[in-house]
Amino acid sequence: MLKAIIFDLDGTIGNTLPLCIAAFREAIEPLAGKKLTDGEIIATFGPSEEGTIMQLIPEHYRQGVDDYIRHYERLHDMCPEPFEGMRQVIARLKSGGMTVVMVTGKGGRSCRITLERYGMTGLFDQVETGSPHGQRKAEGIRAVLERFGLKPTEAVYVGDAPSDITASRAVGVPVIAAAWAETADVQILEAMNPDGLFTSVREFAGWVNEKIGKVPVLPITGK
């Protein structure tokens, strides 16, 4: 029986990956004294943003982190709202008695900024953030299972990246590929055979309705 939904943040709850890249560029390029491609920035993803900055400009680590957070907050109007329908989906899950948590690779500071901007502070039953020392999503998922006394099969992870699928499988938790962001690579996600794949929040909402059909259906428009 499904008891918990574990959400990623970037590219799953909101279209925040372009924001992250823009903030990294604003923070790092002046200190590095050179231009960075999107690919160079994305290649460092896995650790939290502190880990990215440590990889790219270790000699300016403290200033780089502070500048990143400042630019991240300043530029957040690039994605002022979560994906359309996401608030209704989460409300539906919670109304149906589902435990709703977040396990993200983001650092705690940027995660708090986005949740505050989205009006989602306190919405999740638990929030596990990333580490500057490397990918820790599997560890975060295990922490969720332990805290709520869940078997791996009683939870499902929802994320937009191949690494989300890998982390979920490492813990034995089923995984849904969230392929509704413009940054998601549907072909790569499909090739990894997730337990489900949805290209719109609307489709995902339909799956939620099937899982907790006793909850009244709320209208969801758009993606």
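Closest approach of Gly130 and Ser48 over heavy atoms only: C-CB, 4.1 Å. Residues Ala184 and Asp160 approach most closely at CB-O, 4.4 Å, considering heavy atoms. Pairing each heavy atom of Gly64 with each of Ile57, the nearest pair is CA-CD1, 4.1 Å. Closest of all the heavy-atom pairs between Pro174 and Asp195 is CA-OD2, 3.3 Å. Annotation for Leu150 and Ala4: closest pair CD1-CB, 3.5 Å, computed over non-hydrogen atoms. Residue Leu19 comes nearest to Cys79 through the heavy atom pair CD2-SG, 3.7 Å, listed as atom of the first residue, atom of the second, then distance.
Listed by first and then second residue, the salt bridge (Lys or Arg N to Asp or Glu O under 4.0 Å) pairs involving residues 107-127 are Asp66-Arg109, Asp77-Arg117, Lys94-Asp125 (not counting sequence neighbours). Residue pairs meeting the side chain to side chain donor-acceptor pair (under 3.5 Å) criterion with at least one member in residues 140-151, sequence neighbours excluded, do not occur.
Gln187 CD: 12 or fewer foreign heavy atoms inside a 6.0 Å radius. Residue Glu73 places its CD atom among 12 or fewer non-hydrogen atoms of other residues, nucleotides or ligands, all under 6.0 Å distant.
Relative orientation of the Phe124 and Phe7 rings is perpendicular, given thresholds of 30° and 60° on the angle between their planes.
Side-chain atoms of Ser110 and Glu49 form a donor-acceptor pair, as typed in the model, at a separation below 3.5 Å. For Tyr68 and Thr52, the side-chain atoms include no donor-acceptor pair closer than 3.5 Å.
With contacts defined as side-chain heavy-atom distances shorter than 4.5 Å, the pair Glu182/Asn15 qualifies. The closest side-chain heavy-atom distance from Trp207 to Val156 is below 4.5 Å. Contact of the Pro18 side chain with the Met78 side chain is registered, since non-hydrogen atoms from C-beta on lie closer than 4.5 Å. Within the 4.5 Å cutoff, the side chain of Leu123 has no heavy atoms near those of the Val100 side chain. Leu115 is listed as a side-chain neighbour of Met102, based on a closest heavy-atom distance under 4.5 Å. Considering only heavy atoms from C-beta on, Met120 stays 4.5 Å or farther from Val127 through its side chain. Considering only heavy atoms from C-beta on, Lys34 stays 4.5 Å or farther from Glu29 through its side chain. Side-chain contact check for Val89 versus Val201: some heavy-atom pair is nearer than 4.5 Å.
Atoms CD and CD1, from Gln63 and Ile53 in turn, are 10.5 Å apart once rounded to the nearest 0.5 Å. Going from atom CD1 of Ile21 over to atom OG1 of Thr37 covers 9.5 Å, rounded to the nearest 0.5 Å. To the nearest 0.5 Å, atom OG of residue Ser200 and atom CZ of residue Phe83 are 11.0 Å apart. Rounding to the nearest 0.5 Å places CD of Glu50 at 8.5 Å from OG of Ser131. Distance CG/Asp164 to OG1/Thr12: 6.0 Å, rounded to 0.5 Å. Within the model, atoms CG of Asp8 and OG1 of Thr104 stand 5.5 Å from one another, a figure rounded to the nearest 0.5 Å.
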Go through the steps to decide whether Ile28 and Leu36 satisfy the test side chain to side chain contact (heavy atoms under 4.5 Å, CB included), and finish with yes or no.
CA-CA 8 Å; Ile28 293 172; Leu36 296 170; 3.4 Å; yes
Test log, rule side chain to side chain contact (heavy atoms under 4.5 Å, CB included), inputs Glu26 and Asp67
CA-CA 8 Å; Glu26 292 275 355; Asp67 288 353; over 6 Å; no
Could you go through the side chain to side chain contact (heavy atoms under 4.5 Å, CB included) check for His71 and Arg25 one step at a time?
CA-CA 9 Å; His71 290 300; Arg25 183 165 285 113; over 6 Å; no
Would you sort out whether Met192 and Thr166 count as a side chain to side chain contact (heavy atoms under 4.5 Å, CB included), showing the intermediate values?
CA-CA 9 Å; Met192 295 185 73; Thr166 302; 3.6 Å; yes
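Linking Ile, Leu, Val, Met, Phe, Trp and Tyr residues whenever their side-chain heavy atoms come within less than 4.5 Å places Leu56 and Leu17 in a single cluster. By the criterion of side-chain heavy atoms lying less than 4.5 angstrom apart, applied directly or through intervening Ile, Leu, Val, Met, Phe, Trp or Tyr residues, Phe148 is not grouped with Val158; the two fall into different hydrophobic clusters. When the side chains of ILVMFWY residues are joined at heavy-atom separations under 4.5 Å, either directly or via intervening members, Ile113 and Met86 end up in two distinct hydrophobic clusters. By the criterion of side-chain heavy atoms lying less than 4.5 angstrom apart, applied directly or through intervening Ile, Leu, Val, Met, Phe, Trp or Tyr residues, Ile13 is not grouped with Leu197; the two fall into different hydrophobic clusters. Taken together through direct or relayed side-chain contacts under 4.5 Å among Ile, Leu, Val, Met, Phe, Trp and Tyr, Phe45 and Leu9 form parts of separate hydrophobic clusters.
Taking the ring centroids of Trp180 and Phe198, they lie at or beyond the 6.0 Å cut-off.
Annotation: ring-ring contact (aromatic ring centres under 6.0 Å, His included) contacts of Tyr118 (sequence neighbours excluded): His76.
A salt bridge links Arg87 to Glu81: at least one charged side-chain nitrogen sits closer than 4.0 Å to a carboxylate oxygen. The pair Glu84-Arg202 does not count as a salt bridge, with every side-chain nitrogen at least 4.0 angstrom from each carboxylate oxygen.
Under the side-chain hydrogen bond (donor to acceptor under 3.5 Å, both in side chains) test applied with Lys106, the options Thr114, Asp10, Thr129, Thr16 reduce to a single match, Asp10.
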